[in-house]
Amino acid sequence: MDRRRRLPSPSMAVALIALFVALSGTGYAVTKLPNNSVGTAQLKNNAVTSAKIKNGSLVGADFQGGRAPVGPVGPAGPAGAAGQQGATGAAGTGAAVSFGTAVGDSPTTTSSTALATLGSATVTIPAGITATVIATFSAESTCRNGFWCTVRLFLDGTEMNPEDGNNFAFDAPAAAGDPASNDYEAHSITRVRTGVAAGSHTITAQIQVFGGTETFRLDDWSLVAVGYKQS
């Protein structure tokens, strides 16, 4: 029997060459892709891993809002400089906005039925404010003989409330023969005026006797006036 090798037939040779070319063409296509030819559709799910991403190449815009990884909390920074002082706010209703005082250390004596000025204090109400002014007068006093002795407080020449005129006994004599008629005592009064407008106002303490025979003596007296914001 003839054992000579049999050569491939022409058709077999053509098939083998076509297979080789096809395989060579596929390899070229895989290793020589054109630029910008691979997109989302060409990538399999989970195909991009950490090993394929360059360290430090991702930025905040690469993450969906709120999904960027959070690093550890850093140390607290130094305290900042104090801010500038803000403007002073307007005083609230009821806040004291002004006050004035007057005092007397020497005794004053009168037997006059006409008003006599003892002392005065001034309060200044700020612009844009209506105030309530409260004035208090106190003193060591004696009132001897007759009926009674009066102290009256005026704001800008008008008596403050209550307006009792001379129908108010700041002090009065003791009954005839009563040893207490010569005693010194501490007495005080408080008067009020509401709706006081902005500006400077004078509070005056005035004294008189009622009856014509009294001797009214005051010592160590004080007059205090305070303006409170009303509106």
Side-chain angles (χ1 to χ4, degrees), residues 91-127 129-231:
T93 301
V97 295
S98 181
F99 71 95
T101 62
V103 296
D105 296 324
S106 300
T108 297
T109 302
T110 185
S111 295
S112 174
T113 57
L115 285 168
T117 298
L118 181 64
S120 62
T122 300
V123 294
T124 301
I125 307 304
I129 289 179
T130 299
T132 294
V133 176
I134 299 177
T136 300
F137 176 88
S138 62
E140 176 190 80
S141 73
T142 61
C143 182
R144 299 174 181 172
N145 307 316
F147 295 95
W148 59 80
C149 302
T150 298
V151 175
R152 299 166 65 182
L153 302 184
F154 294 79
L155 188 148
D156 296 336
T158 302
E159 189 168 8
M160 300 178 72
N161 303 103
E163 299 180 49
D164 284 335
N166 58 15
N167 191 32
F168 171 77
F170 183 83
D171 200 351
D178 188 338
S181 63
N182 293 323
D183 289 347
Y184 288 96
E185 299 173 331
H187 296 269
S188 68
I189 62 169
T190 298
R191 293 292 185 263
V192 178
R193 173 69 60 78
T194 61
V196 179
S200 180
H201 303 275
T202 301
I203 295 85
T204 305
Q206 300 191 23
I207 60 175
Q208 65 184 132
V209 298
F210 183 75
T213 60
E214 296 89 353
T215 300
F216 190 18
R217 183 180 184 275
L218 294 170
D219 194 10
D220 300 325
W221 59 268
S222 65
L223 172 64
V224 178
V226 183
Y228 297 93
K229 182 180 178 182
Q230 181 177 328
S231 61

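Position 1 is the first residue of the sequence; numbering continues from there.
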Closest heavy-atom contact between [X] and [Y]?
| X | Y | answer |
| --- | --- | --- |
| Leu118 | Trp221 | O-CZ2, 3.6 Å |
| Gly100 | Ala121 | C-CB, 3.7 Å |
| Val209 | Ser111 | CG2-O, 3.3 Å |
| Thr150 | Gly165 | CG2-O, 3.9 Å |
| Pro126 | Ala198 | O-CB, 3.2 Å |
| Ala225 | Val123 | O-CG1, 3.6 Å |

Are any side-chain N or O atoms of [X] and backbone N or O atoms of [Y], one a donor and one an acceptor, separated by less than 3.5 Å?
| X | Y | value |
| --- | --- | --- |
| Ser98 | Thr124 | yes |
| Gln208 | Thr113 | yes |
| Gln230 | Gly195 | yes |

Using 0.5 Å steps for rounding, measure from the [atom1] atom of [X] to the [atom2] atom of [Y].
| X | Y | atom1 | atom2 | answer |
| --- | --- | --- | --- | --- |
| Leu115 | Phe154 | CG | CZ | 5.0 Å |
| Leu155 | Arg191 | CG | CZ | 13.5 Å |
| Ile125 | Thr132 | CD1 | OG1 | 9.0 Å |
| Leu153 | Leu223 | CG | CG | 6.5 Å |
| Asn161 | Thr194 | CG | OG1 | 7.0 Å |

**Which residues share a salt bridge (charged side-chain N to carboxylate O under 4.0 Å, His left out) with Glu159, sequence neighbours left out** =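 Per chain and number, Glu159 pairs via salt bridge (charged side-chain N to carboxylate O under 4.0 Å, His left out) with Arg152.
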**Partner residues of Arg193 under the salt bridge (charged side-chain N to carboxylate O under 4.0 Å, His left out) criterion, sequence neighbours left out** =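 For Arg193, no residue satisfies salt bridge (charged side-chain N to carboxylate O under 4.0 Å, His left out) once neighbours in sequence are set aside.
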**Message:** Is the shortest side-chain heavy-atom distance between Asn145 and Pro173 below 4.5 Å?
**Reply:**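 A side-chain contact under 4.5 Å is absent here.
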**Prompt:** Does the side chain of Met160 come within less than 4.5 Å of Val133's, by heavy atoms?
**Reply:**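 They are in side-chain contact.
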**Request:** Can you spot which of Phe170, Phe216, Phe168, Phe137 makes a ring pair (Phe, Tyr, Trp, His ring centres under 6.0 Å) with His187?
**Result:**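 Of the listed residues Phe170, Phe216, Phe168, Phe137, the ring pair (Phe, Tyr, Trp, His ring centres under 6.0 Å) partner of His187 is Phe170.
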**Counterpart residues, side-chain hydrogen bond (donor to acceptor under 3.5 Å, both in side chains), relative to Thr190 (two or more places apart)** =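 Once residues adjacent in sequence are excluded, the partners of Thr190 under the side-chain hydrogen bond (donor to acceptor under 3.5 Å, both in side chains) criterion are Thr136.
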**Message:** I'd like to check the ring pair (Phe, Tyr, Trp, His ring centres under 6.0 Å) partners of Phe210; sequence neighbours left out, ordered by chain and number.
**Reply:**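 In terms of ring pair (Phe, Tyr, Trp, His ring centres under 6.0 Å), with neighbours along the sequence ignored, Phe210 is linked to Trp148.
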Side-chain polar contacts of residues 199-207 - donor-acceptor pairs under 3.5 angstrom, sequence neighbours left out - could you list them?
| unit_1 | atom_1 | unit_2 | atom_2 | d |
| --- | --- | --- | --- | --- |
| His201 | ND1 | Asp156 | OD2 | 2.7 |
| His201 | NE2 | Ala197 | O | 2.7 |

**Request:** Any pair with a residue in residues 199-225 that passes salt bridge (Lys or Arg N to Asp or Glu O under 4.0 Å), sequence neighbours left out, goes on the list, sorted by first then second residue, please.
**Result:**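 Qualifying pairs, neighbours excluded: none.
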